[in-house]
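Numbering of ligands and ligand atoms starts at 1, following listing order.
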Amino acid sequence: MADAPAVARTSAAVRAALDGPLRAGRSIGLVPTMGALHEGHLSLVRAARAGTDVVVVSIFVNPLQFGPGEDLDAYPRTFDADLAALTGEGVDLVFAPEATAYTPADARTTVHVVGLTDGLEAASRPTHFDGVTTIVTKLFSTVRPHRAYFGEKDFQQQAVIRRMARDLDLGVEVITRPVVRDPDGLALSSRNTYLSPDERRDALALSAALAAAQRGWAGDADATRADLLGTLGSAPGVRLDYAEVIDPETLEPLEGVHDGPAQAVVAAHVGDTRLIDTAPLQPASTDRA
Ligand code: PAF
């Protein structure tokens, strides 16, 4: 049986483990996660394995990106199962720092990306992206990856991180991989474990609406937005937060007829669980690099 990956609990241990490979000119791939790993995460790990010499997976439930009243305490923590899932995937190192050490209470620095963090997710989670960008910057500093891999499901997140890496010249190539879905269409998410069987069935409305939007896409952003709002606004068990058709780079809502790339993004509560999903409104979903 394959060995479980080595685990580092401190930045110093990560640097010690990676100094040699870096000096030897080996490329480092980082897959940042909050654990509760599923096939979506594993698809990122496999992309990192294919694209870099040394694969590091971080597992850290980042307190900075949860707002008051959000699910920080309830967020699934499944470290042993995560290590088992990574065993045999060619992961060289798991970085799993302690929260109090990695996000000390006396820290005074925040990384903020202007503009891209204003709407969509940020409308209901105003402090979320500062928490993400601050911790991802710190992970990049600790691990010093050449490439970092993110899921397209968190569409705004990957756009924000891509922009941050570019603006700050972090020397990290941000790779986005397509959404991974269950066979019935539900986008994989660590939060799906919160759903009751009835809620899980109701949640399928999100992926079904996006699939219909993709099939019907003729370049008319207003028509597609109206269809998404109409369908999801009346879907049983679904409390819609937003449904938008946006420019994939600027994240600005598109208006009228549009012949360039476009992305549909949705967020909704199903029961107490907030879910997001997305679909490119263009021929095939490909890596963005
Ligand atoms: O997408 C996630 O799991 C988190 O937002 C990330 C990128 C690991 C930062 O905590």
Within one Ile-Leu-Val-Met-Phe-Trp-Tyr cluster: Tyr149 and Met34, side-chain cutoff 4.5 Å: no

Which of the numbered atoms in ligand 1 are below 4.0 angstrom from a heavy atom of [X]?
X: Ile135; value: 9 (C), 10 (O)
X: Pro32; value: 8 (C)
X: Thr33; value: 8 (C)
X: Gln65; value: 4 (C), 5 (O), 9 (C), 10 (O)

Closest approach of any protein heavy atom to atom 7 (C) of ligand 1, naming residue and atom: Gln157 NE2, 3.6 Å

Distance from atom 3 (O) of ligand 1 to nearest protein heavy atom, with residue and atom: Met34 CG, 3.6 Å

Ring pair (Phe, Tyr, Trp, His ring centres under 6.0 Å), paired with Tyr75, selected from Tyr194, Phe60, Phe66: Phe66

Partners passing salt bridge (Lys or Arg N to Asp or Glu O under 4.0 Å) against Arg163 (at least two apart in sequence or in another chain): Asp167

Side-chain heavy-atom pair Phe79, Val7 within 4.5 angstrom cut-off: yes

Modelled atom types, side-chain donor and acceptor of Gln263 and Thr278, under 3.5 Å: yes

